[in-house]
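What follows is a single structure, written as structure tokens, with notes after it.
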Amino acid sequence: MKNSKITWKITQGMYVLTVGNGGCIVDAVSQVSGDENPIISVAVMKKNNTNALMKENNFFALSVLPKNVDGNIIKTFGFASSRDINKFEKIETTEVMGVKTIKDSIGYMVLEKVYETENTTHTLFLGRLAEGDIMRDEEPMSYGYYKDHKDELLKVTTEDGKTAWVCTVCGYVYYGEEVPDDYVCPICGVDKSYFEKQEA
């Protein structure tokens, strides 16, 4: 029997991909050449707004996330769409070559897009390193670490005196005695069954 969760054991890092006025969390990043101007690949889901932004822009950035990253960065870039919110409004950034990079990161790579190709679910983009820097000497977060520590990283605080239901996927909080049957999470789009009542 095929267990696709074996792919979770592939050693991958956690990055914030930024491009234009948006971005998202990515883990499918790899170096595919080793010269003075290495080429880096990144796969982006076709349904993500970031995919459209990647097609419209020639430069993009990857910020390397540390293990102790602020969980709000993961919530903002991983569970919301730049179609709906300004992801940079509450996240500190530094602009490099016209592309925003995340301040709370180990470092960044700014890449010039050189190639793209499609598969069934993602577009694979290749970029040549144009600029990059290491800002902190810390251990990067792996995808495996994120999966093991997701609850801690996305820890939710709720308002006292109110009945709270927390989305187990993204951490969004719904206040009310019951979650309506037709309710859909406004952040990640899951239905009522993914909400758990927060104990007082």
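By convention here, the first residue in the shown sequence is residue 1. Everything numeric in this text was worked out from a predicted model, so none of it was measured.
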Next item on the list: Would you please test Arg128 and Leu111 for side-chain contact (heavy atoms from CB on, under 4.5 Å) and show each step?
Entry: CA-CA 5 Å; Arg128 180 176 287 110; Leu111 301 124; 6.0 Å; no
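- When all heavy atoms are compared, the tightest approach of Ala43 to Val26 is O-CG1, 4.0 Å.
- For Phe77 and Tyr15, the gap between ring centers reaches or exceeds 6.0 Å.
- Note: Tyr146 and Tyr143 have tilted aromatic rings, judged against thresholds of 30 and 60 degrees for the angle between ring planes.
- When every heavy atom of Phe88 is checked against every heavy atom of Gly20, the shortest pair comes out as CE1-O, 4.3 Å.
- Minimum interatomic distance between Ala61 and Val99 (heavy atoms only, all atoms of both residues): CB-CG1, 3.6 Å.
- A search for side-chain contact (heavy atoms from CB on, under 4.5 Å) contacts involving Asp137 returns nothing, not counting sequence neighbours.
- Counting only residues at least two apart or in different chains, side chain to side chain donor-acceptor pair (under 3.5 Å) contacts with residues 100-115 comprise Asp104-Arg136.
- Asn21 and Ser82 make their closest contact through O-CB, 4.2 Å (heavy atoms, listed as atom of the first residue, atom of the second, distance).
- The CG atom of Leu124 sits 7.0 Å away from atom OG1 of Thr117, with the distance rounded to the nearest 0.5 Å.
- More than 12 heavy atoms of other residues, nucleotides or ligands shown are found within 6.0 angstrom of NZ on Lys46.
- Side-chain contact between Asn72 and Ile74 is absent, with no heavy atoms from C-beta onward closer than 4.5 Å.
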Check: Taking it one step at a time, do Lys55 and Phe125 satisfy side-chain contact (heavy atoms from CB on, under 4.5 Å)?
Finding: CA-CA 9 Å; Lys55 293 176 183 295; Phe125 296 94; 4.2 Å; yes
Next item on the list: May I have the step-by-step check of side-chain contact (heavy atoms from CB on, under 4.5 Å) for Glu196 and Trp165, ending in yes or no?
Entry: CA-CA 5 Å; Glu196 291 183 353; Trp165 298 80; 5.8 Å; no
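- By the rule that hydrophobic residues join a cluster once side-chain heavy atoms approach within less than 4.5 Å of another member, Met141 and Ile102 end up as members of one cluster.
- Within 6.0 Å of atom CD1 in Ile134, 12 or fewer heavy atoms from other residues, nucleotides or ligands are found, so the atom counts as exposed in its surroundings.
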Expected list for residues 30-39: side-chain donor-acceptor pairs under 3.5 angstrom, two or more places apart:
unit_1, atom_1, unit_2, atom_2, d
Gln31, NE2, Ser33, O, 2.8
Ser33, OG, Ile39, N, 2.8
Asp35, OD1, Asn37, N, 3.1

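- Between Val179 and Lys197 the shortest side-chain heavy-atom distance does not fall below 4.5 Å.
- In this structure, Thr163 contributes its side chain and Glu177 its backbone to no donor-acceptor pair below 3.5 Å.
- Connection of Leu17 to Phe59 is not established within any shared hydrophobic cluster, with ILVMFWY side chains joined at heavy-atom distances below 4.5 Å, either directly or through further cluster members.
- Both Val64 and Val29 are assigned to one and the same hydrophobic cluster, defined by single-linkage of ILVMFWY side chains at heavy-atom distances under 4.5 Å.
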Next item on the list: Given side-chain contact (heavy atoms from CB on, under 4.5 Å), test Val42 with Met54 step by step and report yes or no.
Entry: CA-CA 11 Å; Val42 57; Met54 287 287 285; 4.2 Å; yes
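- Surrounding CD of Glu95 are more than 12 heavy atoms belonging to other residues, nucleotides or ligands, all under 6.0 Å away.
- Pairing each heavy atom of Ile25 with each of Ile73, the nearest pair is CD1-O, 4.4 Å.
- In this structure, OH in Tyr174 is found 14.0 Å from SG in Cys167, a value given to the nearest 0.5 Å.
- A donor-acceptor contact closer than 3.5 angstrom links the side chains of Asp191 and Ser193.
- Put simply, the side chain of Lys87 never gets that close to the backbone of Thr18: no donor and acceptor are under 3.5 Å apart.
- The nearest pair of heavy atoms linking Val44 to Asn51 is O-ND2, 3.1 Å.
- Interatomic distance, Met45 CE to His122 NE2, rounded to the nearest 0.5 Å: 5.0 Å.
- Residues Val96 and Leu62 do not share a hydrophobic cluster, clusters being chains of Ile/Leu/Val/Met/Phe/Trp/Tyr side chains in contact below 4.5 Å.
- No donor-acceptor contact under 3.5 angstrom links the side chains of Glu116 and Thr123, judged on distance only.
- Clustering ILVMFWY residues whenever any of their side-chain heavy atoms sit less than 4.5 angstrom apart, transitively, puts Ile91 in a cluster other than the one holding Leu53.
- With values rounded to the nearest 0.5 angstrom, His149 atom NE2 is found 7.5 Å from Lys67 atom NZ.
- Checking side-chain atoms of Asn57 against main-chain N and O of Val19 turns up no donor-acceptor pair under 3.5 Å.
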